[in-house]
Amino acid sequence: IYLGDKDTTTALQIIGEGREMFPENKDLQNLELDIYTKQGKMDVLLDKFNVALVSDPENVVYLFNRGVIYDGKARDAFDKGRALNDTIYNLMVKARTEKVAAKKTQLLKNHADLKAQQDNFYNLCKLYNDSSILDYKKIEEIDPNNFDAIFNHGVVVFNYKAGILIDRLN
């Protein structure tokens, strides 16, 4: 009724109460996951998929969706790292031409700080990519003919490896 009235807050409260009373009820679990998916609440959804996979570790739908979330988080981290490229490059150029030692030292420090921040984004990207690949591989073990998992696995590997390589070369 609440979903029909588009009151997802109350619907989620009722579903939560139902899940407490019937924790193994897959319909309630799927309904909750569907609402969070439609709302785009990926962090909450990731936690919910992790919990759902504890009780149903071979559910290819849960694995696939979690893999997609990890992939999205990886792309976000990669984009944040890539966004620092121009600033990092410009700081190095300024540092090379700076004549005042104190300013040059500060520019180099800023460069190193941003480079470390970029490396952290790229490491986070790798962590999320590895997590999505694990989910896609698990799906491939369960269902070797699952085209979506095989395709996404290939896309994740290609995008990460090519993207990082291109950024490093630049």
Side-chain angles (χ1 to χ4, degrees), residues 1-85 114-168:
I1 292 172
Y2 290 112
L3 285 177
D5 293 340
K6 302 202 185 313
D7 182 359
T8 55
T9 302
T10 306
L12 284 169
Q13 289 172 346
I14 299 298
I15 292 168
E17 291 173 16
R19 297 232 22 237
E20 285 178 21
M21 293 168 41
F22 308 102
E24 298 301 316
N25 186 304
K26 297 290 182 213
D27 292 332
L28 288 173
Q29 188 174 30
N30 290 338
L31 187 57
E32 181 182 48
L33 293 170
D34 185 55
I35 291 170
Y36 285 121
T37 300
K38 288 177 180 171
Q39 290 179 337
K41 294 184 176 179
M42 294 303 143
D43 287 333
V44 173
L45 197 53
L46 185 58
D47 291 340
K48 297 290 182 182
F49 278 122
N50 287 336
V51 169
L53 282 161
V54 168
S55 63
D56 194 0
E58 294 195 350
N59 186 312
V60 295
V61 173
Y62 295 167
L63 287 165
F64 185 82
N65 284 310
R66 186 173 71 175
V68 168
I69 292 169
Y70 282 139
D71 183 27
K73 289 176 137 332
R75 274 190 252 141
D76 182 53
F78 183 79
D79 290 344
K80 287 177 181 175
R82 179 174 271 172
L84 297 174
N85 279 347
L114 280 179
K115 191 72 178 114
Q117 186 178 356
Q118 183 182 52
D119 288 343
N120 285 337
F121 282 128
Y122 287 153
N123 289 337
L124 192 58
C125 175
K126 182 177 181 345
L127 174 73
Y128 286 132
N129 271 324
D130 290 348
S131 296
S132 78
I133 288 170
L134 286 174
D135 283 347
Y136 295 140
K137 281 183 176 180
K138 175 96 175 176
I139 293 169
E140 292 167 28
E141 290 171 9
I142 296 166
D143 179 8
N145 297 318
N146 189 309
F147 174 79
D148 292 328
I150 295 167
F151 179 81
N152 278 20
H153 181 178
V155 168
V156 167
V157 170
F158 177 79
N159 284 344
Y160 174 72
K161 300 231 183 227
I164 293 292
L165 179 62
I166 290 167
D167 266 14
R168 294 296 182 208

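Given the structure is predicted, the values throughout are model-derived calculations rather than measurements. Numbering of residues begins at 1 and proceeds along the displayed sequence. No hydrogens, no waters, no symmetry mates; every other heavy atom, side chains included, goes into these values.
With contacts defined as side-chain heavy-atom distances shorter than 4.5 Å, the pair K48/V51 does not qualify. Side-chain atoms of D135 and Y62, non-hydrogen and from C-beta on, never get closer than 4.5 Å to each other. Contact annotation: the side chain of E140 never approaches that of N146 to less than 4.5 Å [non-hydrogen atoms, C-beta and beyond]. Side-chain contact between K126 and N123: absent, with no pair of heavy atoms (C-beta onward) separated by less than 4.5 Å. Between I69 and L45 there is a side-chain heavy-atom pair separated by less than 4.5 Å.
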Report task. Show your reasoning for whether side chain to side chain contact (heavy atoms under 4.5 Å, CB included) applies to N159 and D71. Result -> CA-CA 10 Å; N159 284 344; D71 183 27; 5.7 Å; no
Query raised in the report: Can you list the steps and then say if L124 with K73 is a side chain to side chain contact (heavy atoms under 4.5 Å, CB included)?
Result: CA-CA 9 Å; L124 192 58; K73 289 176 137 332; over 6 Å; no
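Here CG of L46 is found 7.5 Å from CZ of R66. Values are rounded to the nearest 0.5 Å. In this structure, CG in L53 is found 6.5 Å from CG in N59, a value given to the nearest 0.5 Å. Expressed to the nearest 0.5 Å, how far CG of D143 lies from CD1 of I150 amounts to 8.0 Å.
Across A77 and C125, no two heavy atoms sit closer than the pair CB-N, 3.8 Å. Here the shortest heavy-atom pairing between A149 and I139 reads CB-CG2, 3.5 Å. Nearest heavy-atom pair, N129 versus A74, reported as atom, atom and distance to 0.1 Å: OD1-CB, 3.5 Å. Shortest non-hydrogen contact noted between G67 and S132 is O-CB, 3.2 Å. Taking all atoms of both residues into account, the shortest heavy-atom contact from Y136 to F64 is CE2-CD1, 3.9 Å. The two residues G81 and Y122 have their closest heavy-atom pair at C-OH, 3.7 Å.
Listed by chain and residue number, nothing satisfies the salt bridge (charged side-chain N to carboxylate O under 4.0 Å, His left out) test with K138 (two or more places apart in sequence, or in another chain). For K115, the side chain to side chain contact (heavy atoms under 4.5 Å, CB included) partners at least two apart in sequence or on another chain are I88, Q118, D119, R168.
The pair K80-D76 counts as a salt bridge, with a side-chain nitrogen and a carboxylate oxygen less than 4.0 angstrom apart.
Between F121 and F78, the distance from one ring center to the other does not fall under 6.0 angstrom.
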